[in-house]
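Just below is one structure, and these are the notes that go with it.
Just follow the structure's listing: the first ligand is 1, and inside any ligand the first atom is 1.
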Amino acid sequence: MARDYYALLGVARNATDQEIKRAYRKLARELHPDVNPDPGAQEKFREVSSAYEVLSDPEKRRIVDLGGDPLESGGGMGGGFSNAGFGGLGDVFEAFFGGMNQGGGTRKPRGRVQAGADSLLRTRLSLQECAVGVTKHLTVDTAILCDLCQGAGTNGNSKPVRCETCGGAGEVQTVQRSFLGQVMTSRPCPTCRGAGETIPDPCRKCGGDGRVRARREIAAPIPAGVANGMRVRLAAQGEVGPGGGPAGDLYIEIVEQPHDTYVRDGDDLHCTIRVPMVDAALGTTVVVDTILDGPVELTIPPGTQPGEASVLRGHGMPKLRATSRGDLIAHLDIVVPTKLDSKQSDLLEKYKATRGNERTEVLSAQSEHNSGLFARLRASFSGR
Ligand SMILES: [Zn+2]
Ligand SMILES: [Zn+2]
């Protein structure tokens, strides 16, 4: 279950970077262990800090917005709270509290092995494919485990050694003067990039990264009922991490192609049927090629009015991960002939003569026929 990082910081899902930073600073000032002795505050501080770590990193925030949790896939190898100093969190601590390591240094080098990044791939699907579900064969450019060193990054039997620049701590510290007095700041070690160790004799194939770029073929199972913009998650099919760390996830985003006949609205399908005036008056039937059930005969009852719709219940799109289906809604476009020959005009004149006092008139505002909108609403509720 992904944590709600936005709620932890008390910001909206569309909050700007500035708003996120401001919310975090405010909470950090209240909750930091140096300021707030309450044991509950410490736990809250950790949560709030991880929320800030995630939401201040565009890549991690994107994962959250996809419904994932960037701190979960890390499996303790990357992205944990103790590593939060990389990429911004450290700055905030230091600006307000003079560095977070002063109490005893709980930070550890992050190590060379880290979780891989998530990837996103888009694929076009026809409406038919969205309705039935399909296995899509896709090609993805990604990072895979280096087969020469199996992720170790070392050449042959050589071993990584402790970084000389940082002594294995993964970070280097400098003392700066600021308006708060002397402030110790720390940043990732430039030599080992936070790993705490270096590889003097790196793998010839991957250069020490433990992974290589490769093109992979993927068979992605797309369930029935997906819609435009939805993302299907393939666990551990993303990039392998540095040092052969666990792979991220691969998300497949659906790009639904327009259909010749149907316009989709959620699980419902809409189409338009042209009905000549006389067919609308006398009633008729028409065969509709449904998306999943083949041809289905639709009855247009006698006296069908302009703006009415016929609904084929349960002939729409399947609902995702459910057995029920949406509806197929046929909007009836009643067509009045524009050109009549003399014989046809005579027939209609004779027809008119049989209709007695039927005539063209202005309706009262209270007339139930007054609004085409009401007629359409009635049609959609009556379910014909
Ligand atoms: Zn180092
Ligand atoms: Zn290698």
Residues passing the ring pair (Phe, Tyr, Trp, His ring centres under 6.0 Å) test with Tyr251, sequence neighbours excluded, are none
Is a side-chain donor or acceptor of Gln344 paired with a backbone partner of Asp341 at a separation under 3.5 angstrom?
yes
Is Asn155 reaching over with its side chain to a backbone N or O of Pro202, donor-acceptor style, under 3.5 angstrom?
no
With no hydrogens and no angle check, is any side-chain donor or acceptor of Ser158 less than 3.5 Å from a backbone partner on Asp201?
yes
Hey, does the side chain of Arg112 reach the backbone of Gln114 with a donor-acceptor pair shorter than 3.5 angstrom?
no
Tally every protein N/O/S atom whose distance to the Zn ion (ligand 1) is less than 2.8 Å; waters are neither shown nor counted.
4
Degrees at the Zn ion (ligand 2) between the SG atom of Cys203 and the SG atom of Cys146, nearest 10°:
110°
For Arg22 and Glu19, run salt bridge (charged side-chain N to carboxylate O under 4.0 Å, His left out): C-alpha distance rounded to whole Å, both residues' side-chain angles, the deciding distance at 0.1 Å, then the answer.
CA-CA 5 Å; Arg22 215 177 301 132; Glu19 287 166 344; 5.5 Å; no
